[in-house]
Amino acid sequence: MSMGTDQRDLEPSGFRLKVQEAFQLQPVLVPLYAILLSFIVGGILIALIGVNPFEAYWALLRGMFGSKDNIAASVARSVPFMGSALALAFAFRAGLFNIGAEGQLLVGGVTAAWVGTWAWMTDTPAIIAIPIILLAGAFGGFMWGWVPGILRAKTGAHEVISTIMLNSIALFLVRWIVNSRDPVILRDLEASVPRTEAISDTAELPTIIDSQPPLHWGLFVMLGVCFLIAFVLKRTTFGFETITVGTNPHAARYAGMSVDRIIILAMAISGACAGIAAASEVSGTNQLFQPGTFALIGFDGIAVALLARANPIGIIPSALLWGSLLSGAPLMQQEADVSIDVVRIIQSMVLLFVAADAIVRYIFRVRGEAEAHIKASTTGWAGQ
Amino acid sequence: MSAQSIDLTAGDLVEARRFGRRQITGMVFGVAGIALIALVAPNITGDTRTFAFEPPPDALDFSFDPPTMVTIIGLIYLLAGGLSFLPQQFDRWAGRGQLLAAAATIPLILVVALGLSATPATNVTNLFDESLVLATPIALGAMTGLWSERSGIINIGIEGTMLGSAGVGFMIFATLGEASSTTWLWIAILVAVLTGGALALLLAVLSIRYQINQIVAGVVINLFALGLTGFLRSEVIVPSGNSKGISTSEFGIPLLEQIPILGDTFFTGKPIHYMMYAVVFLTWLVMFRTAWGLRVRSCGEDPHAAETLGIDVIKTRYRSVVLGGFIAGLAGAWFSMESQSGFEDNMTNAAGFIALAAMIFGKWTPGGAFAGALLFGFARALGSRLQFLEVEISGFGIPSEFFQSLPFAVTLVVVAGALGRSIAPAAEGQPYRPSK
């Protein structure tokens, strides 16, 4: 913490700089304080309805981490957020604001479920069937992300509007696919609720802990995707181009990069991240596709990603926080009789305080400049 | 764009004139016209169909046979296509022709839908009235966006602002007015308006004082409103036992309501709906005919120049964003206290985003935004009407989900088509630091 003053006085040597970086607490400190502050705001709200906030939070905490099953459920709940947050984060690095994870998840999920119910999948060994179903999900998301990408690049339609519209269109599309009885598309006619038939056993991701929801290998798949995206952004030419377009599209164009191509690809890859998360849910958690299970995962992904400052590795702890809060909330409702929506308010406060870190720095007297870290796409609608 | 136009030679310019956007649009109309006459008209049912303009007892109606109507509209399309390729001096005629053809699309959709449906008649006056009513929150939301964005602040928190005011307003009505007293209804609407202002103030503080990314600020508002209203619904509104109650009642505008046909539908309605017209008109009047409006617009185009002229950019922006919030609050009240009485989670259902699209469609002008709102209102009314008509194409019933997604698809197409030509306020989205 005292590093800030030192830096101004003497130029640190290479080694000193490394040591300083290792002990730089600020990047972690501000989000932690932001979380604390959000819980205080939530606590005040809980106290207002006449419940002891400490009791409520104790129940929430036990709901999150009280037993081995609870911990497993919390982690399991977090896995899809990694994908939906990556969907925002990757596009964000290209200066795009992808609010379409909701729709990309749905299309990815329904594609994965469709492929998973193909007849020959039952005779395919798991080692082939699982990658196929995951790739199918990624493909579905890729296509649904490609549409707003191409609209943005070719017509200038702002991706915020087009992705939101595509979310609604995707919802009606999958609802039709899953609901329709005449003609039957993917509906399981024996089920009382609209859903697809169960996918082939071979395409199921193995379960690690049989909690509710089950913790399955999807965790490792999504962790892998997080690291892969981090690698692409940091170490590849494409990643460099993406970040350049996000930082300064004019400079990128001047340097000979195809801005349109990067925009289209960034949106499509973002969609693929959401799609693969949906496929992991279909394959590991439900073994079938039901549109309701994906509600709000995409929207929460926005907050998860912004909380992690659009850093693919940072998304992992951020998603874990998000998932475990949601997973712990029912116990809080049960024991302290506090509505689950408190958690939503806390989440929005976390995002607020992380984005407006000047408030947190002021309250907790954290030194250093308030960073304008969430910089991308501060241009107008035309995005020039 | 600009880089390309610099490289154009004189010859290219002539070429570009001959084959601009107008010609391409004309070509699309021409092809569509031929397709209508050659493909649609022969295959559509020849049975008589009827547009009714009044409820059954004294029915004023218009009967037609679909193939003829489709052919006529196809000819209009062809005419518009042909006019587009006339020499330069007839450019105005080409524009008029295309406008006519675009307008003819609305009857075309109705004629084709009715032709494909098993029902022989439908009430058209109602349809237009429903369109106007459904356009209410979208037009109001678009005005919210206009005030905010013309002053230089991107506002994607319209959705959350509307939702928050709908929830808080109805909460006051349910708890204090037991959802049944008219006085409390109006107080609750006022509370909704103020809530809208408060949420907009939050947006303004975040984006003006803390200078955080304005899109992120909007997302915060949306998330917060979703959580807050959900919390209020389950902790306050439902326990109060007044989840449903009265809503604003219809009234007729004196004299005008006695006009036959029009009076019953267009001049009898609910108060917030009429306030919407006033808000749209006042927005136009203030923003384009007063010094205050000029100041607001200058802050959105070039805040530094505005400051040089002695305008307090920060204060102007705060004022416009909050004023916009009040308007969104009124739209919120429409959801929970006019179109129905009661609050449901996420009841605004993306209307705030559609409002943004309407504003962009209208090129950041009140009149244009209002036209956009009418278009989306019509798409929504038409969607539910067509669902009811059970349209079939050669035995395959078009699923209701298709019609439900119609307004969103229209928005998508319109934004993709319109944005290329519309220009946002220049300084929008950039944080402003006063020079001293």
Side-chain angles (χ1 to χ4, degrees), chain A residues 45 49 97 99 147-148 151 154-158 160-162 164-173 175-176 179-180 182-183 253 296 299-300 302-303 306 338-349 351-352 355-359 370 372 374-384, chain B residues 1 3 149 154 156 205-206 209-217 219-236 349-350 353-354 356-357 360 396-397 399-402 404-405 407-409 411-412 415-420 422-431:
Chain A
L45 216 58
I49 56 163
F97 208 75
I99 309 202
V147 175
L151 287 179
K154 300 295 176 199
T155 73
H158 201 279
V160 169
I161 304 252
S162 53
I164 288 167
M165 294 307 129
L166 284 167
N167 283 346
S168 302
I169 295 172
L171 185 65
F172 289 118
L173 178 71
R175 216 183 261 171
W176 175 59
N179 271 357
S180 173
D182 179 33
R253 190 172 287 127
L296 287 179
F299 280 119
D300 285 354
I302 300 168
L306 295 177
V338 175
S339 151
I340 297 180
D341 296 292
V342 167
V343 168
R344 297 226 143 267
I345 296 176
I346 292 173
Q347 287 170 336
S348 70
M349 288 292 129
L351 179 60
L352 187 155
D357 62 350
I359 303 177
I374 298 174
K375 252 183 205 152
S377 76
T378 40
T379 49
W381 291 110
Q384 293 305 312
Chain B
M1 274 285 273
E149 306 219 344
I154 294 181
I156 71 162
V205 170
L206 289 177
R209 185 178 146 85
Y210 292 104
Q211 306 193 342
I212 76 173
N213 182 315
Q214 294 168 6
I215 292 183
V216 176
V219 172
V220 167
I221 305 277
N222 291 340
L223 265 179
F224 174 67
L226 197 62
L228 180 75
T229 53
F231 179 79
L232 293 178
R233 195 185 71 87
S234 54
E235 296 289 346
V236 185
N349 196 13
F353 295 112
I354 295 183
L356 265 183
I360 292 170
F396 174 76
S400 64
E401 285 88 356
F402 174 81
Q404 285 170 310
S405 65
F408 305 105
T411 310
L412 194 63
V415 171
L419 237 177
S422 53
I423 299 151
E428 196 180 35
Q430 296 153 11

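Given the structure is predicted, the values throughout are model-derived calculations rather than measurements.
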| note | chain B shares the most heavy-atom pairs under 4.5 Å, among A/I164, A/L151, A/V147, A/N167, with A/I164
| Main-chain N/O of B/I154 paired with B/E149 side-chain donor or acceptor, under 3.5 Å | no
| note | Given A/I359, A/V342, A/I340, the one with more heavy-atom pairs under 4.5 angstrom with chain B than any other is A/I359
| Would you say B/Y210 has more than 12 foreign heavy atoms packed within less than 6.0 Å of its OH? | yes
| field | Heavy-atom proximity to chain A below 4.5 Å, by part of B/E235 | value | side chain
| field | Structural part of A/S180 lying under 4.5 Å from a heavy atom of chain B | value | neither
| Heavy-atom pair count under 4.5 Å with chain A, highest-scoring of B/F353, B/F224, B/F231 | B/F231
| remark: The reported gap from OG in A/S339 to CD1 in A/I49 (rounded to nearest 0.5 angstrom) is 7.5 Å
| query | For the atom pair CZ (A/F172) and CD (B/E401), what is the distance rounded to the nearest 0.5 Å? | reply | 8.0 Å
| query | Among A/M165, A/R344, A/K154, who wins on heavy-atom pairs under 4.5 Å with chain B? | reply | A/M165
| What is the distance from atom OG of A/S168 to atom CG of B/N349, rounded to the nearest 0.5 Å? | 6.5 Å
| message | Please classify the contact between A/L352 and chain B as side chain, backbone, both or neither, with a heavy-atom cut-off of under 4.5 Å. | response | both
| query | So how far is it from B/N222 CG to B/I156 CD1, rounded to the nearest 0.5 Å? | reply | 6.0 Å
| note | Looking only at B/L232, B/I221, B/L228, B/T229, the option with the highest number of non-hydrogen pairs under 4.5 Å against chain A is B/L228
